[in-house]
Amino acid sequence: MEPKLNTAWQAEQIYHFDSTASRDQVYSIDTPPPTASGSLHVGHMFSYTQTDVMARFKRMRGKKVFYPLGWDDNGLPTERRVQNYYGVRCDPTKPYEPDYSPPASPAKNQRDWDVISRQNFIELCETLTVQDEKVFEDLFTALGLSVDWRQTYRTIDDDSRAASQRAFLREVCSENAYTAEAPTLWDVTFRTAVAQAELEAKERPGAYYRYPFTDGSGNEAVIATTRPELLPACVALVAHPEDERYKPLFGKTVTSPLFGVEVPVKAHPLADPEKGSGIAMICTFGDMTDVTWWRELQLPTRALIGRDGRFQRETPEWITTAEGRTNYEQLAGKTVHSAKEAVVELLTSGGLLRAEPEKITHAVHFYEKGDKPLEVVTSRQWYIRNGGRDAQRRDQLLERGRKIDWHPGFMRSRYENWVEGLNGDWLISRQRFFGVPIPVWYPLNAAGEPDYDNPILPEESQLPVDPASQPAPGFDESQRGQPDGFMGEPDVLDTWATSSLTPQIAGKWERDPELFNKVFPFDLRPQAHDIIRTWLFSTMVRANSLHDTVPWTNTAISGWILDPDRKKMSKSKGNVVVPTEPLEQFGADAVRYWAASAKLGADTAYEVGQMKIGRRLAIKLLNASKFAFGMGVTEEHIVADDAAAQVITEPLDRALLAKLRTVVDQTTGQFENYDYARALDIMESFFWSFTDDYVELVKDRAYGAQGEAAQASVRATLATALDVLLRLFAPVLPFATDEVWRWWRHGSVHAAAWPQAAALDAVAGSPAVLDAVSEALTGLRRAKAEAKVKQRTEILSARITGPKQALGYLESALSDLGAATRARALELVSEWETAKEISISDVVLADQE
RNA sequence: GGGCCGAUAGCUCAGCUGGUUAGAGCACUGCGUUUACACCGCAGGUGUCGGGGGUUCGAGUCCCUCUCGGCCCA
């Protein structure tokens, strides 16, 4: 059933975007591009289904849905996968080889890998990711995503690189991007700068070491630090301005132990009197707080740790005492770890430790993919303004956040917390090989020194460019690296600098202005909550500076998938479920039901039970439809106008359609509010009472036992109800609903219009009839169940008592009730007006055969 | 330390703007299979709505507070 329908959907092109649509008809979705080199995860099925359900709903509501899908194949995960798969290594200084082909099989030893240019490397990435993407596409197709597969992009393809570089150049021209030599978080393993958004704090054991700085008259200021190795990089001491213990020292100088460097004592409110001894040493640089102090107190720079994570080899000139210079030689060239041991040893042997080291556990910053603590080094980097250093821009971004409808609403505070906590601009240059090159060159002066303040920019028409293999405009390749020549910017852009442009990439910004104006700003950004600080925020930043608008008007934040014990799924725990398993076992509709029954924003357990329910629901839909068609129901029986409505004569039938009218009304509202889970809940409970009660009640009539008019009434009701129900369930259960649709209708349910509540006005009666009859039905069934007889047992007689009005309703459907319960005689007794409930008594059952 | 979310049946959850006896599915128990459905149906029991205070004619729902979990940020 599923492959057959998928083929039909493709052939009928029902998910193709209608590019002739006007802007107000369009519903555009900025879908998350999955990392194609990553592994498939049930979480993919979960969140992508939630988006698809909304896409299908909007499509049926008459919107022209722009539903592209991209692949994120830019960045470190792809870089690693391509290296290992082909056995190649990238060297950006290598020239491009147009006819390069990789080794047939990768060399075992990394030293024997091919060394290739960045352009060649990118080409291999494109080749391999196309294969990886196929796996994802197959999964998403099997899942029934109504993506327009003509609208795909890859974050490393020419168009994406061009868009990323174009956006960068525009930011440079508007001064939203700039280059600066500044202290930067640095990963010593990957040897790259890292942005605030990529930080991860991890709890690590550490210790406070206490040792004294002294003034000329023998007074001691004992500082406490977790990083004693940075003592030679100390530029000042700092304490809180209100701290009485240290007030007398402010403005004076003290001398560091071991190295004999004289440093001032400063006051700053960021110094925490409760932490350590209340007075800290400021080093360039131990962490970002040091950077803040250094900047705000205008301190000198005495950097020691290099990009390789080692202490510089030459003894720094600010250490002037003979003892200090000797001591530094103990540290020169050492790693941070070894230097710490050496300094502690020197302090210990010098009797300078004022207490036993105090062991603590503290948060240490790591690059999210790294395993060594980040260092702070000074380097030249590119930045994009993001409000981290500019209150006005920050307020602007907060204001943009309030212009977006967040689903669920509370996720906006995640965004606001992040924006308010920014401590600097967005660092976008990365010292990696693979990625979108920063499209600039620098002129070299007569001495061969680069002029970073006057970068050479390409024309937009040249994009994408690779400054590592293409000469700067106006220069010849032979002038690369030569005095009075040029040099290419060696760095690449942060992957988020490209991913932040998915609306522009998918919407073909500057490539198809007509399309772009129709889809941008997008209507929806679906994504998970863990990347609000990265993807969502960075997309906001770019749309703000490039287009002076929000990138979308709605964002739907999906939760995570947890294992059934509510633990996060991860490979290391071995609790990861391969998505194809549940798809094969339960079917796509069942998996979709599970995903669609979870609210947005809620972390959800992987529940096979929910899938079983979904499977049962889909099968029930097929079977109930089969029953209706078996009763002679056809397309002609659907009530389409007021005149046709006359055929529905039975109050019970009109009661059912009245209830259905309410269901249409409510589910539409819930869907419009992005609460598809609640919509599903409402339609599902209606459907179960439809099959359990209504269908059972009207079987006798449907078989024609009560005459032609009564049969015509039920046929029209079944046809009309089914017509509406199939459309209601279509977004969640696209396969089962379309399968049934094609049994008796033309085209696809997914091209049909969403039901209108008003269309049922002419056929709706009093819903209370069905309530009363269902209650009596349940009562009579209970009587049989309590008597422990078969439900098919005849009732010779029974008495039903209740309020007069309810009995009137029963009267109007008594033949159906009698037939469904095999009752020969049902006596309706209106006992007193105050009776609230329908009750059954004096049930006389026939003997069982 | 700050922010956000959650705590409802044995389990997974729903309960929207306060309104009658708090719901669903799973699990459990009983009955049932010729006429849409055993990938099944019917019926049934199940709750200090995390604790404590308050507002109200009325609180799972609103307010305060505490406890415990989770996530994000310091």
Side-chain angles (χ1 to χ4, degrees), chain A residues 196-197 199-201 270 272 274-275 287-289 362-363 365 406 408-423 528-534 557 559-560 562 564-568 585-587 589-590 593-594 597-599 601-631 633 666 669-670 673 675 677-682 684-685 688-689 691-693 695-696 699-700 702-703 718 722 736 740 777-793 820-821 836-837 848:
Chain A
Q196 190 183 353
L199 294 189
E200 198 167 287
L270 271 181
D272 183 356
E274 304 293 316
K275 216 165 154 183
D287 58 18
M288 291 312 278
T289 312
H362 61 151
H365 278 142
W406 297 72
F410 65 79
M411 284 296 177
R412 188 173 69 211
S413 50
R414 295 264 189 112
Y415 170 81
E416 293 187 344
N417 285 169
W418 175 251
V419 175
E420 285 161 1
L422 287 169
N423 59 24
H529 55 66
D530 54 331
I531 51 176
I532 288 174
R533 67 174 180 168
T534 48
I557 309 291
W560 281 353
L562 310 174
D565 297 329
R566 299 204 60 79
K567 297 276 184 293
K568 196 175 159 188
Q585 196 178 351
F586 305 109
D589 281 344
Y593 173 90
W594 160 71
S597 50
K599 291 188 296 189
D603 291 347
T604 304
Y606 178 74
E607 267 292 321
V608 169
Q610 276 300 104
M611 297 184 193
K612 287 182 181 162
I613 298 166
R615 178 170 174 78
R616 205 174 51 148
L617 176 65
I619 290 170
K620 193 88 171 166
L621 200 57
L622 293 171
N623 281 322
S625 305
K626 263 187 224 165
F627 167 76
F629 303 140
M631 294 298 104
V633 167
Q666 290 178 342
Q670 297 294 350
N673 201 27
D675 199 347
R678 181 121 177 84
L680 174 60
D681 185 51
I682 292 167
E684 190 186 4
S685 43
W688 284 110
S689 71
T691 58
D692 289 352
D693 293 345
V695 170
E696 291 303 322
K699 273 184 177 172
D700 186 57
Y703 281 113
L718 287 172
L722 202 56
V740 174
L777 176 65
T778 300
L780 290 164
R781 281 171 174 164
R782 188 190 303 128
K784 291 182 186 178
E786 281 170 2
K788 301 205 172 184
V789 298
K790 296 173 184 175
Q791 288 296 330
R792 285 174 56 243
T793 307
T821 56
K836 279 193 135 183
E837 295 180 356
Q848 291 195 66

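Throughout, protein chains are lettered first and strands after them, A, B, ... in sequence-line order, and every chain is numbered starting at 1. Only a predicted model underlies this, so the values are computations on that prediction, with no experimental measurement involved. Because only heavy atoms are used, hydrogens play no part in the values below, and waters and symmetry mates are left out as well, while side chains stay in.
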Partner residues of [X] under the side-chain hydrogen bond (donor to acceptor under 3.5 Å, both in side chains) criterion, sequence neighbours left out:
X        : result
A:Arg781 : A:Asp693
A:Glu696 : A:Lys699
A:Thr778 : none
A:Asp700 : A:Gln706

message: By the 4.0 Å heavy-atom rule, please label A:Glu786 as base, sugar-phosphate, or nothing.
response: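 No contact.
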
If only side-chain N and O atoms of [X] are considered, is one of them under 4.0 Å from the OP1 or OP2 phosphate oxygen of [N]?
X        : N     : answer
A:Lys599 : B:A14 : yes
A:Arg533 : B:C73 : yes
A:Arg781 : B:A43 : yes
A:Lys790 : B:U33 : yes

Going by ring pair (Phe, Tyr, Trp, His ring centres under 6.0 Å), name the residues that satisfy it together with [X], two or more places apart in sequence or in a different chain.
X        : result
A:Phe627 : none
A:Tyr593 : none
A:His365 : none

task: Please list, chain by chain and in numerical order, all residues satisfying salt bridge (charged side-chain N to carboxylate O under 4.0 Å, His left out) with A:Asp681, sequence neighbours excluded.
output: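 Applying salt bridge (charged side-chain N to carboxylate O under 4.0 Å, His left out) to A:Asp681 gives A:Arg678.
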
- request: For A:Glu416, enumerate each residue passing the salt bridge (charged side-chain N to carboxylate O under 4.0 Å, His left out) test, keeping only those at least two apart in sequence or located in another chain.
  value: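 For A:Glu416, the residues satisfying salt bridge (charged side-chain N to carboxylate O under 4.0 Å, His left out) (neighbours in sequence not counted) are A:Arg402, A:Arg412.
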
Residue-level proximity of residues 622-629 of chain A to RNA chain B when a heavy atom falls under 4.0 Å: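 Hits under 4.0 Å, by residue number: A:Asn623, A:Ala624, A:Phe627.
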
- prompt: Closest nucleotide of RNA chain B for A:Gln791 versus for A:Ala201: which of these residues is on the 5' side?
  reply: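 In this pair, the answer is A:Gln791.
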
query: Of A:Asp675 and A:Val695, whose nearest nucleotide on RNA chain B comes first from the 5' end?
result: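 In this pair, the answer is A:Asp675.
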
- request: Looking only at side-chain atoms of A:Trp418, point me to the closest of B:U12, B:C16, B:C73.
  value: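 Nucleotide nearest to A:Trp418's side chain: B:C73.
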
I'd like a table of atom pairs between the protein and nucleotides 25-29 of chain B - only N or O on both sides, under 3.5 Å - with the distance next to each one.
none

task: Look at the side chain of A:Glu684 and the base of B:A14, then say whether one donor and one acceptor between them are separated by less than 3.5 Å.
output: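 Donor-acceptor pair under 3.5 Å: no.
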
- request: Would you state whether a donor and an acceptor, one from the side chain of A:Arg615 and one from the base of B:C39, lie under 3.5 Å apart?
  value: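 Flag set: donor-acceptor pair detected.
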
field: Candidate pair A:Thr604 and A:Gln610, rule side chain to side chain contact (heavy atoms under 4.5 Å, CB included), full reasoning
entry: CA-CA 11 Å; A:Thr604 304; A:Gln610 276 300 104; over 6 Å; no

query: Taking only Watson-Crick and G-U wobble pairs with both distances under 3.5 Å, what dot-bracket line describes RNA chain B, where [ ] shows pairs that cross earlier ones and | shows pairs with another strand?
result: (((((((..((((.....[...)))).(((((.......))))).....(((((..]....)))))))))))).

